[in-house]
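Below: the structure, in structure tokens.
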Number of protein chains: 2
Amino acid sequence: MTAERNGRPDVPQRILDQATRLFARHGFVGASLRDIARAVGIRKPSLLYHFASKDELRRSVLEQMLTHWNEAVPRILRAATSGPEQFDAIGAETLRFFNDDPDRAPLLLRELLDRPEEIAPLVALRVQPWAKIVCDYIRKGQEQGRVHPDVDPEAYVAQVINLVLCGFATHASLRNVLTAPTSDGEATDRLLREMLRVAKASLFLPVPAEPPTRRPAASARA
Amino acid sequence: MTAERNGRPDVPQRILDQATRLFARHGFVGASLRDIARAVGIRKPSLLYHFASKDELRRSVLEQMLTHWNEAVPRILRAATSGPEQFDAIGAETLRFFNDDPDRAPLLLRELLDRPEEIAPLVALRVQPWAKIVCDYIRKGQEQGRVHPDVDPEAYVAQVINLVLCGFATHASLRNVLTAPTSDGEATDRLLREMLRVAKASLFLPVPAEPPTRRPAASARA
DNA sequence: CCTACCGATCGGTAGG
DNA sequence: CCTACCGATCGGTAGG
């Protein structure tokens, strides 16, 4: 346990939290050690006592986020066990990860832009198990005729990652690109709902009409 | 004309080009005026003779990109006139815009992350006409039963922008997240193809089997 | 965890 | 378009 007796997290954790926030908002070079220290309520040299350099702080921030991701993966894979709403369950758990801390998507996206050669393999490693499950699920669905036969599983997964990452990282900016009349919360809802719908509709075949009490389809539509 | 007699662009244009490149690669704070000046082959004070401040240089870079976008829009809208492959034509022209200069997507994405409140309305203004056409096209398609009735046109457009922007900005990093066996060019192709497929498959209904010889289409909808 | 301080680099200016 | 220079801020260190 790294939390102190009173409710407040200990200093290293508070540094990590504020660094996450400021790196996500202003980027690695745009957020100075002074800014981060001030947000924590200490001086810069004190910060450097806990993290030997700015770059070590960056790596620690990233590592903490990937640890959180690793904790979320079992939940996601459990959601992917069986049942007709597997996809919704995986989607809900994945969205939850980015919703739990709104800094995660922009932080990851910035790292991908700033240091692709360093981050890509790191992400690949952690996303691999998740992606493999989803790809297998897709291929099985294709054999069973539930999934579009022309889906390229790996490329589909990559594009959905793009969609989710960018969707969360810029939804604060892009929701106003839509017509203004909607409230902020409503605009976010519309964007999230459409994000999931796009991911689903591009994956599944339009269900060959075999729900419980339906006749052999053909004319059913609307 | 701003180009000199010999093939080389004039100095301000060369500054804009290098600034675009370095802002896209390292971000606004991460690319110094010294770096940009050196890439052009002049000294920093000379650069500041052409652009009064770093921020003015940033605005000029952005303005040039939006100007290029404005030049692409008529081509895109012309492609959207009529014919069954409207969507492919719009897609091809839009992809061409980002392909013509690989710095455009990351530059725009970085600006959206760094200065959402400044960039969002600016993008909204320039994307509005394009988005309106696409939204009208979607709604017409919905009335005609060619497009999924549960597509939220504005949200769909926003998500496709996300997909394209992030897809181009990070495709260099994420294509290796896929299985490695493919060559770089092939991986890019797979990602681009899947990007278009996702955008299309989530939009159109699975063509109600009434190809060339079209009749009034009364039976297609219950 | 602090004060005091370091060289390097930042954006920008003076002056020609 | 240049050389020479400015104050401010950067990441990081000494020393307690």
Side-chain angles (χ1 to χ4, degrees), chain A residues 2-64 107 110-111 113-115 118, chain B residues 1-63 107 110-111 113-115 118:
Chain A
T2 52
E4 294 189 342
R5 297 297 165 268
N6 51 3
R8 210 179 197 191
D10 61 2
V11 171
Q13 186 56 54
R14 277 158 59 206
I15 294 173
L16 282 175
D17 291 344
Q18 294 304 322
T20 301
R21 226 192 81 228
L22 292 170
F23 286 160
R25 271 173 183 52
H26 307 298
F28 180 67
V29 278
S32 73
L33 292 180
R34 263 184 183 85
D35 296 338
I36 298 168
R38 190 187 311 135
V40 174
I42 59 176
R43 310 283 174 182
K44 185 184 51 161
S46 310
L47 191 159
L48 286 165
Y49 165 78
H50 295 285
F51 297 91
S53 71
K54 193 185 186 184
D55 205 67
E56 195 198 295
L57 177 55
R58 176 183 69 79
R59 285 193 297 267
S60 301
V61 163
L62 225 93
E63 195 184 305
Q64 181 183 243
L107 186 83
R110 281 185 186 279
E111 286 296 311
L113 288 170
D114 288 348
R115 271 165 291 275
E118 176 190 337
Chain B
M1 260 309 166
T2 51
E4 293 190 341
R5 297 298 164 266
N6 50 5
R8 210 180 197 189
D10 61 4
V11 172
Q13 186 57 52
R14 277 159 58 207
I15 294 174
L16 283 176
D17 291 344
Q18 295 303 322
T20 301
R21 227 192 81 230
L22 293 170
F23 286 161
R25 270 175 183 52
H26 308 296
F28 180 68
V29 278
S32 73
L33 292 180
R34 263 183 183 86
D35 295 337
I36 299 168
R38 190 186 312 133
V40 175
I42 60 177
R43 310 285 175 180
K44 184 184 53 161
S46 310
L47 191 159
L48 286 165
Y49 165 79
H50 294 286
F51 298 89
S53 71
K54 195 185 185 184
D55 205 67
E56 194 197 295
L57 177 57
R58 178 183 66 80
R59 285 194 296 269
S60 300
V61 163
L62 224 93
E63 195 184 305
L107 186 82
R110 280 185 185 280
E111 287 294 311
L113 288 170
D114 289 347
R115 272 165 291 275
E118 175 189 337

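Each chain gets a letter, A, B and so on, in the order the sequences are listed, and its residues count up from 1. Scope of the values below: all heavy atoms of this structure, side chains included, with no hydrogens, waters or symmetry mates.
- Here C:dT3 is the nucleotide among D:dC1, C:dT3, D:dG12 with the atom lying nearest to any side-chain atom of A:R43.
- In terms of position on DNA chain C, the residue among A:R34 and A:V40 whose nearest nucleotide sits closer to the 5' end is A:V40.
- Summarising the geometry, the separation between OH on B:Y49 and C1' on C:dG16 is reported as 14 Å, rounded to the nearest angstrom.
- B:S46 comes within 4.0 angstrom of a nucleotide base, judged by non-hydrogen atoms across all strands.
- Here the nucleotide nearest the side chain of A:L48, chosen from C:dC10, D:dC1, D:dG12, is D:dG12.
- No donor-acceptor pair closer than 3.5 Å links the side chain of A:K44 to the backbone N or O of A:S32.
- What separates CD of A:E56 from P of D:dG12 is a distance of 10 Å, to the nearest Å.
- With hydrogens and angles disregarded, a donor-acceptor distance shorter than 3.5 Å links the side chain of A:R110 to the backbone of A:A24.
- In plain terms, the two heavy atoms of A:L16 and A:Q64 that are nearest each other are CD1-OE1, 3.7 Å.
- The distance from atom NZ of B:K44 to atom P of D:dA4 is 14 Å, rounded to the nearest whole Å.
- A:I36 has its CD1 atom 12 Å from the C1' atom of D:dC10, to the nearest Å.
- Under a 4.0 Å N-O distance rule, the pair A:R21/A:D35 does not qualify as a salt bridge.
- Checking D:dG11 for Watson-Crick or G-U wobble geometry (two distances, each under 3.5 Å) identifies C:dC6 as its partner.
- Taking the side chain of A:S32 as heavy atoms from C-beta on, and the options D:dC10, D:dG12, D:dC2, the nearest nucleotide is D:dC10.
- Between the P atom of D:dT3 and the CD1 atom of B:I42 lies a distance of 12 Å, rounded to the nearest Å.
- Between the CG atom of A:L47 and the P atom of C:dC1 there is a distance of 10 Å, rounded to whole Å.
- To the nearest angstrom, C1' of C:dC10 lies 11 Å from CG of B:D35.
- Checked options B:L62, B:V61, B:L57, B:D55; the residue passing with B:R59 is B:D55 (criterion: side-chain contact (heavy atoms from CB on, under 4.5 Å)).
- Spacing between atom CG of A:D55 and atom P of D:dC10 amounts to 17 Å, rounded to whole angstrom units.
- Of all nucleotides listed (C:dG12, D:dC1, D:dG11), D:dG11 comes nearest to the side chain of A:L33.
- Side-chain proximity of B:P45 to the nucleotides C:dC2, C:dG11, C:dA14 is greatest for C:dA14.
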